[in-house]
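Only this structure's heavy atoms are used, side chains among them; waters, hydrogens and symmetry mates stay out. Protein chains get the first letters and strands the later ones, always in sequence-line order, with residue 1 at the start of each. As the structure is a prediction and not an experimental result, all values here were calculated from the model.
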Amino acid sequence: MAVNTGVIGKTYPPAHYAVGREKVREYAQAVGESNPLHLDVKAARAAGYDDVVAPPMFAVVYALPALWPVLFDPDVGIDFSRMVHGGQEFEWGTLVVAGDEITTTVSVADVSERAGNRFYVFTSESANGRGQTVCSGRWSNIVRGAR
Amino acid sequence: MKPGDEIPPLAVTPDRYLTVRYAGASGDFNPIHIDEQFAQQVGLPGRILHGLYTMAQVARAHTEAGGGPQSLKRLSVQFRGMGLPEQELVVTGKVRSVDGGLAVVECGCEQGGRRIIRHAEAELRLPDS
């Protein structure tokens, strides 16, 4: 079955994520962050933030729930068993802190096929409850051809 | 920071159970990261690191060099090869240009001499001086 380029431009319903203090701390500890802004509420407040600050790559946590429907969309037709994550780009705006409610919208930016391999590019736009952009993501996945 | 400067390298050795903790922290439970038997059945040497965990180490090298989470404006990476638990990861980066309060850093991550993140580029907001 040929790759379905008809899905290019498809946008999915926004997904919401409420940022919890202990989730930020759990994530920060898993990736080895030692900056007290991510771990210690008092330190974060002393620096002028309302609560602990999410590390930039916490974008994965609030954006992934918006990505799953795309990855499993039969119109996109990804063969999960052959998928590898080829590349990733994030651009960050306002910092995310515990207590924020993040809304993420995902679109299919590109689908193509070269030499039997399929390339999928998805974009994500995440904003906080004040409408400020917190992160724009570009997710590139490769589905290797069967040999 | 000026062109040609290197950011301080970041070295970290993910322990045996790191992929399990990262799966829980991130919400990505793909079994290739947490199930040794499954990983071997699909032709991998064993459980592999999440690419986005390795990218988080590249991000951390830059936020530490830039003075905090607000310093990282953009990060773009290409994943190549596989990262493995219990082997040291080393992130390095070199400033390519500085313009308008932004530094562009060419960076990457290697493990055991293999570059598992390459063609990576970060933009760092420099503090007002």
* To do: With a 4.5 angstrom heavy-atom cut-off, could you sort out which part of Leu18(B) is near chain A: side chain, backbone, both or neither?
  => side chain
* Asked: Just by modelled atom types, is the Asp35(B) backbone N or O under 3.5 Å from a matching donor or acceptor in the His33(B) side chain?
  -> no
* Asked: Hey, does the side chain of Asp28(B) reach the backbone of Asn30(B) with a donor-acceptor pair shorter than 3.5 angstrom?
  -> yes
* Who among Gln70(B), Arg80(B), Gln78(B), Met55(B) has the most heavy-atom pairs with chain A under 4.5 Å? -> Met55(B)
* Ionic contact status for Arg118(A) with Asp79(A), cut-off 4.0 Å -> no
* Any sub-3.5 Å donor-acceptor pair from Arg60(B)'s side-chain atoms to Ser34(A)'s backbone N or O? -> no
* Does Val60(A) reach the side chain of Tyr22(B), with side-chain heavy atoms less than 4.5 Å apart? -> yes
* Hey, which residues of residues 38-52 of chain A are touching chain B, say heavy atoms under 4.5 Å apart? -> His38(A), Tyr49(A)
* Carboxylate-amine/guanidinium proximity below 4.0 Å for Glu123(B) and Arg74(B) -> yes
* Side-chain donor-acceptor contact under 3.5 Å, Asp100(A) with Tyr62(A) -> no
* For chain B, the option from Gly86(A), Pro55(A), Ser136(A) that forms the most heavy-atom pairs under 4.5 Å -> Gly86(A)
* Asked: Short question: side chain of Arg47(B), backbone of Thr19(B) - any donor-acceptor pair under 3.5 Å?
  -> no
* Structure fact -> Value for SG (Cys109(B)) from CG (Leu89(B)), rounded to nearest 0.5 Å, stands at 4.5 Å
* Structure fact -> Of the listed Gly24(B), Gly68(B), Gly51(B), the one with the largest count of heavy-atom pairs under 4.5 Å with chain A is Gly24(B)
* Heavy-atom donor-acceptor pair, Arg118(B) side chain to Gly108(B) backbone, under 3.5 Å -> no
* To do: Can you tell which part of Val53(A) gets under 4.5 Å to a heavy atom of chain B, answering side chain, backbone, both or neither?
  => side chain
* Measure distances from Arg125(B) to the heavy atoms of chain A and classify the residue's part below 4.5 Å as side chain, backbone, both or neither. => side chain
* Let me know if Val77(B) has heavy atoms under 4.5 Å from chain A in its side chain, its backbone, both or neither. => both
* chain A heavy atoms under 4.5 Å from Tyr53(B): which part of the residue, side chain, backbone, both or neither? -> side chain
* With respect to chain A, which residue among Gln57(B), Arg21(B), His50(B) yields the maximal number of heavy-atom pairs within a distance under 4.5 Å? -> Gln57(B)
* To do: Output the option from Ala56(B), Ala120(B), Ser76(B) having the highest count of non-hydrogen pairs under 4.5 Å with chain A.
  => Ser76(B)
* To do: For atom CG of Asp75(A), decide whether the heavy atoms of other residues, nucleotides or ligands shown that lie under 6.0 angstrom number more than 12.
  => yes
